[in-house]
> 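Pasting a structure below so you can have a look.
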Amino acid sequence: MPDFVLKNDDEQRPSSPSFLKGLNGRQKEAVEHTDGPLLIIAGAGSGKTRVLTYRIANLLYQEKAYANQILALTFTNKAAREMKDRIVDLIGEQANRLWMGTFHSIFSRILRIEAEQLDYTRNFSIYDSVDSDRVIKTILQEMNINTKEVKPQSVRYIISGAKNQLITPETFSNNFVQSSMEDIAARVYERYLARCKKNNAMDFDDLLIKPIELFEAHPNLLHKYQEHFRYILIDEYQDTNHAQYRVTRMLTSGNQNICVVGDDSQSIYSFRGADISNILNFQEDYPNAVRIPLEQNYRSTKAILQCADSVIRNNVSRLDKTLWTRNDQGDAITVIENYDERDEANRIARMIDEIKMRRNLSYRDFAVLYRTNYQSRVLEDAFRRRGITYQLVGGVSFYQRREIKDVTAYLRLLVNSGDDESLLRVINEPVRGVGEKTILILAQLARDSGKSLWDVIQNVESTGIYKPTIPRIRNFVDVMQQTQQKLQEVGLTDTVRFLLEETGYVKQFIEEHSHDSIMRRQNVMELLNAISFFEKSSNTPSLGAFLQEISLVTDLDAHDTEKPAVTLMTAHGSKGLEFPVVYITGLEEDLFPIGGRVGEEVDVEEERRLFYVAITRAKKLLFFSYAKNRFRFGEQIEMRRSRFLDEVDSAVVRTETGATIRQDRSASRPGSTYIAYDEDRASTGSRTSIFQPEQTSPTGMSIEYDNMPDDGVWRPGMAVIHPKFGAGKVLQCEGRGEQAKVTVFFKNAGQKKLMVKFAKLSLIGS
DNA sequence: CGTGCACATCTTTTT
DNA sequence: GATGTGCACG
C-alpha cells in the first residue's frame, strides 16, 4: 500500500515525503539528489528499481518537472511498465505521462513525430533482424553474390556494428575493411541504407541513429528536446551502446540532469554493441558527477552472495565494489551432476516438486535458467510429464514466427505502401503463382522508374510479364485495395479478418491437416485476438499504432510473475528478476561458458558476468547442474564440467550428498586469477560485511615481463600487466605497429590509454 | 515458369 | 527439430 498520496489542495507539503522513510542512507541520497549528473553503481539486489521509482516520484513531488518532462529509459518494456505502475502508486495518475520506455520505443515515438524532417513519413515500417536479412539477401543476389557462401546474417552483423559506431558506408569502406567479408559488407552497406530509405523503413539500429542525424541536422529540434526533457534517467547503463550514449549525451548537454544506474558486473550485451566504457567513463564525461554506490543486498542469502562474489572476482576488468547483506547465511549451493540432459531435466523436475512440498512454496517461486534457448525443450518435456505448470519465456518470439510475420507484412503494406520488402514477402503468400522471374521483372521496372513495387503493380497489365500471372497480381491488388477501403469503414479486427479471408491465407492451413498447419492457424488466430484486444483497450486503435506496438515487444515482456508456474528462461532473460529458488543448468564447457564458432573469440569475462547475473537472481536456494553427455547437432557429445564450477568458493557449495566439491584450480585460465578464501569465513558471516575488500594484486600466477603477443597485434580481451598500474585488461585497440594504442582497464588504476611503444605492457593471457 | 519434395545445415545471448 | 537451398517434375 502506498503510504503517500499526492494531495491536490493547497496544503503545505512537508519537504521530505514520507515514502523516503523506508530507504537506507545511500538510497535516500540517490533519491534526493535531484539536479546535476548522478551515477548510481547498483549491485545486484540492492534496491535499484526502488531508488529509480522513488527518485522520479520525488522529482514530481518536489515539482521539479511535470511528468512529461521526465525521460526514463529502461532496458525492457516490462521494466518500464512496472516502474510506471509503481510511480502511479506513489504519486498518482500523472505518472502515466512520463516518457518511460526502452530506447527503441521512446525514440521511435520521437522519430514518428519528426519523420518529415528526415524525409520519411510518420508511418514508416520498423524492420526486425529477419526483415533486414531479407533485404540484405536481395541486395546480395542483385550483386550476383552467392548467399550461401556469404550469409546475409553475417553481413547484417557487420553493417549493424558499423551503424552503432556511427560509421558511414564511406568511412567504413575506406578504413575498416580487412577481410573479403567486410569488403562485401561495405558494398552492401550503402545499398542497404538506400533500400531502407526507399521503403520508408527503419531497422532497430536506425531507431537509435536517426535521432542523432535528426539532431545534428536540426539544432533547433535538439534544443527543443533538450529544453523539454528536464530530467533524464537511464537504467542498465552498462548495456548501452555507442549510439545510445551519443544521443543521450546530446540531450543532456544543456542542464546535465542525467542520472544513470548500472552495474559493470552485469554487463552481458556486448554482442549487441553494448560498451562497458560508457559507465566506466561516466565521471569523465560529466566531471561534476556524483557517484553513489549501492552495496547492500536485500535479495540473497550470504551463501549465495559469497558464491557470486567468488565467481566475479575472477574477472580482471571490474570496478571494485563489495556487496554485503544482513540476510541469513542460508543453505549451501548444491551442485547436481547428471548423466545427460534428460536426466538433468527429470531430476530438476522431481526436486522442484519435493522442495515445493517441503518448503511450502508455489511453482512461481522457481526459475530454471540456461544459456541457450534450445535447452528448454527437454525441460519442457520433463515438466509436462510430471504435470508441473511452467511458463517458457523467450525462444522463438511469437511475432517472429513465419505466419505472424506474413500477416504483419500484409498489414505493413496497407499502412506503408512504399514498403517493397513487405510486398515481396506476401505477393506469393499464399502461393498465387507469382514466381521468381516475375518478381525480377517487376523489381527492374520499379528500379528504372524509381517507383515502389506497389506503384508498379497498379498497372500490372502494362508490365509485359508472363500473361497468366497478370490476373493473379491484379487480384492481389484488388484485395489490398478493398482491405484499404474496409479499414475506413469497419474496425481493425474486422478488417484483418476480411484480409485473411480474401487472401486465402488461413484457408491454406485449413486444407492442409499437418500438425504444423494447425499450429500456424492457431497462431494467426492468436494474432487476431491480440488485434481485437488492442482495438478495445488502446486509445489510438489505428493499424499503424498496433504495428508500432508489436514491432518492439519481446517475449520477455510477457513474463507473468504472478502466474503459478515455474519460469524457464535464458540467463540473459533473467536479468532484473528474482526468485526464491533458482536452477542454473547446463554448466558445461562450450555451453556455459559458450563455445565460440571457428575464428571467433569468446569473451569469457562476459560469460562469467552472465553466470554472476544468473546466480544473483536467487533469494534462498541455488542449484548448479551439468550433464556429462548432451545431444547436440543430432549426436550425443561428451561434455566437460564448466570451469565456473572450479571457480566458485567451495565453502558455500556442496554436492548432492553434502560433500565438498572437488575442484581443479588450474582450470582457471591465466588472467582469471583465483583468490583463496578462508574456509571458515563463510560460516562466521559477520553482520555487516561478509567480504573484505580485496586490494592485493593477483597472486598465484607466473608473471613474465616484456611478453608481447605472438603476432605483435593487441586485441581486446587480453590480460596485461603494467609495471606501475598492475593487472589490467585490454578494452580497445587502435592503430598498428609503432602507432598502436591500447585502452586498458586496470583493476587498481582505472582506465588508461597507452602507446604500446612506450608502455611496458606484458601479456599474461588472452 | 512455378511448385513440391528431399536434403543439408546449424542453433548464443536480444531491442 | 526448424529453416533454407537444390533439384526434378508438372
Side-chain angles (χ1 to χ4, degrees), chain A residues 73-80 101-108 126-130 132-134 137 146-149 151-153 157 160 164 202-208 236 239-241 243-244 267-274 369-378 381 393-397 399-402 405 428 430-441 465-469 472 512 515-516 519-520 551-557 569-575 586 590-598 600 602-603 606-607 609-611 613-614 631-635:
Chain A
L73 298 162
T74 60
F75 199 67
T76 62
N77 297 300
K78 187 179 161 231
T102 60
F103 271 91
H104 291 84
S105 67
I106 293 289
F107 285 114
S108 63
I126 295 175
Y127 285 172
D128 65 15
S129 31
V130 179
S132 298
D133 284 347
R134 283 178 53 108
K137 191 175 166 191
N146 186 344
T147 52
K148 225 180 156 185
E149 284 161 28
K151 286 202 232 64
Q153 246 191 63
Y157 191 75
S160 173
N164 277 308
M202 299 202 196
D203 66 14
F204 282 153
D205 302 324
D206 287 327
L207 298 179
L208 306 175
E236 309 282 12
D239 284 325
T240 51
N241 67 25
Q244 290 168 321
S267 158
I268 53 174
Y269 282 98
S270 70
F271 69 92
R272 219 173 73 187
L369 308 180
Y370 35 80
R371 178 67 240 267
T372 64
N373 276 305
Y374 79 94
Q375 290 170 257
S376 70
R377 203 153 231 125
V378 216
D381 281 350
V393 186
V396 184
S397 159
Y399 289 103
Q400 301 247 59
R401 297 195 140 91
R402 212 180 58 204
K405 293 222 60 147
N428 199 30
V431 283
R432 41 172 83 83
V434 183
E436 207 180 330
K437 272 274 146 57
T438 309
I439 286 165
L440 224 57
I441 297 168
I465 56 168
Y466 183 56
K467 283 258 165 49
T469 42
R472 298 168 188 161
E512 193 189 320
H515 175 73
D516 197 67
M519 289 297 292
R520 292 194 192 279
S551 59
L552 297 173
V553 297
T554 65
D555 280 10
L556 248 39
D557 299 320
M569 56 165 54
T570 61
H572 281 90
S574 74
K575 192 166 74 164
D590 278 353
L591 185 60
F592 203 169
I594 197 96
R597 291 186 282 256
V598 272
E600 240 179 38
V602 172
D603 184 348
E606 176 145 316
E607 293 293 306
R609 288 193 293 269
L610 181 60
F611 184 45
V613 167
F631 242 85
R632 282 178 100 182
F633 311 110
E635 58 172 337

> By the 4.0 Å heavy-atom rule, please label A:Ile594 as base, sugar-phosphate, or nothing.
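Since a base atom lies under 4.0 Å of A:Ile594, the category is base.
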> Check the distance between B:dT13's C1' and A:Ile268's CD1 and give it to me in whole angstrom.
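Atom-to-atom, A:Ile268 to B:dT13, this comes out as 8 Å.
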> If you look at every strand shown and take non-hydrogen atoms under 4.0 Å, does A:Arg632 touch a base, only sugar-phosphate, or nothing?
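A:Arg632: no heavy atom of the nucleic acid under 4.0 Å.
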> Which part of the nucleic acid, if any, lies within reach of A:Lys151 when heavy atoms closer than 4.0 Å are counted: base, sugar-phosphate only, or nothing?
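If one applies the 4.0 Å heavy-atom cut-off, A:Lys151 turns out to touch nothing in the nucleic acid.
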> So does A:Asn164 get a side-chain nitrogen or oxygen closer than 4.0 Å to the phosphate oxygens (OP1/OP2) of B:dT15?
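Looking at the OP1 and OP2 atoms of B:dT15, neither is under 4.0 Å from any side-chain N or O of A:Asn164.
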> Starting at atom CD of A:Gln153, determine the distance to atom P of B:dT14, rounded to an integer number of angstrom.
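Those two atoms, CD and P, are 14 Å apart.
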> Any base atoms under 4.0 Å from A:Asn373, or only sugar-phosphate, or nothing? Heavy atoms, all strands.
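Sugar-phosphate, no base atom in range.
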> Rounded to whole Å, how long is the line connecting atom OH of A:Tyr374 with atom P of C:dG1?
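In whole Å, C:dG1 P lies 11 Å from A:Tyr374 OH.
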> Tell me whether the count of non-hydrogen atoms from other residues, nucleotides or ligands lying under 6.0 Å of CD in A:Gln153 goes above 12.
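At most 12 heavy atoms, drawn from other residues, nucleotides or ligands, come within 6.0 Å of this atom.
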> Compare the minimum distances between each of B:dT13, C:dG6, B:dT15 and the side chain of A:Phe204, then state the nucleotide with the smallest one.
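Within the option list, the nearest is B:dT15.
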> Students often get this wrong, so: under 4.0 angstrom with heavy atoms, is A:Phe103 touching a base, only sugar-phosphate, or nothing?
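The answer is nothing, as A:Phe103 stays clear of every strand by at least 4.0 Å.
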> Can you tell me how far C1' of B:dT14 sits from CD of A:Glu236, to the nearest Å?
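Taking atom C1' of B:dT14 as the reference, CD of A:Glu236 is at 13 Å.
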> For A:Tyr374 and A:Arg632, does a side-chain donor sit closer than 3.5 Å to a side-chain acceptor?
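A donor-acceptor contact under 3.5 Å links the two side chains.
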> With a 4.0 Å limit, can you tell me whether A:Arg432 has a side-chain N or O closer than that to the phosphate oxygens OP1/OP2 of B:dT3?
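For B:dT3, neither OP1 nor OP2 has a side-chain N or O of A:Arg432 closer than 4.0 Å.
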> Should the pair A:Phe271 and A:His572 be assigned to parallel (<30°), tilted (30 to 60°) or perpendicular (>60°) ring geometry?
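Plane angle over 60°, so perpendicular.
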> If stacking means aromatic ring centre less than 5.5 angstrom from the base's six-membered ring centre, planes under 30°, is A:Phe271 stacked on B:dT14?
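No.
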> Where the side chain of A:Thr570 is defined as all heavy atoms beyond and including C-beta, which of B:dT15, C:dG4, B:dT13 is the nearest nucleotide?
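Output: B:dT13.
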> I need the CG-C1' distance between A:Asn428 and B:dT3, as an integer number of Å.
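My rounded result for the distance is 10 Å.
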> With nearest nucleotides of DNA chain B determined for A:His104 and A:Thr469 from heavy-atom distances, which residue corresponds to the more 5′ nucleotide?
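Taking each residue's closest nucleotide, the earlier one in sequence belongs to A:Thr469.
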> Roughly how many Å is it from CG in A:Asp381 to P in C:dG1, rounded to a whole number?
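Taking atom P of C:dG1 as the reference, CG of A:Asp381 is at 9 Å.
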> Nearest of B:dT11, B:dG2, B:dT14 to any side-chain atom of A:Lys437?
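Within the option list, the nearest is B:dG2.
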> Run the side chain to side chain contact (heavy atoms under 4.5 Å, CB included) test on A:Asp128 and A:Ser551 for me, step by step, so that the C-alpha distance in whole Å, both residues' side-chain angles and the decisive distance to 0.1 Å come before the verdict.
CA-CA 7 Å; A:Asp128 65 15; A:Ser551 59; over 6 Å; no
> Nearest whole Å is fine: how far is C:dT3 C1' from A:Arg402 CZ?
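Atom-to-atom, A:Arg402 to C:dT3, this comes out as 8 Å.
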> Once you apply a heavy-atom cut-off of 4.0 Å, does A:Asn77 come out as touching a base, just sugar-phosphate, or nothing?
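The answer is nothing, as A:Asn77 stays clear of every strand by at least 4.0 Å.
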> If every non-hydrogen atom of A:Leu552 is compared with every non-hydrogen atom of A:Ser105, which pair is closest and at what distance?
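The answer is CD1-CA, 3.5 Å.
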> Output, in order, the C-alpha distance, side-chain angles, deciding distance and verdict of side chain to side chain contact (heavy atoms under 4.5 Å, CB included) for A:Thr74 and A:Glu236.
CA-CA 7 Å; A:Thr74 60; A:Glu236 309 282 12; over 6 Å; no
> Could you check whether A:Thr438 gets within reach of a base, just the sugar-phosphate, or nothing at all, counting any heavy atom under 4.0 Å?
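Sugar-phosphate, backbone atoms only, no base.
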> Using the side-chain heavy atoms of A:Val431, tell me which of these nucleotides is nearest: B:dG2, B:dT3, B:dT11.
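Nearest nucleotide to the side chain: B:dT3.
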> Using whole Å, what does the distance between atom C1' of nucleotide B:dC10 and atom CG of A:Leu591 come to?
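After rounding, the gap between these two atoms is 15 Å.
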> Side chain of A:Arg377 only, heavy atoms from C-beta on: which candidate in C:dT5, B:dT15, C:dG1 is closest?
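Shortest atom-to-atom distance from the side chain points to C:dG1.
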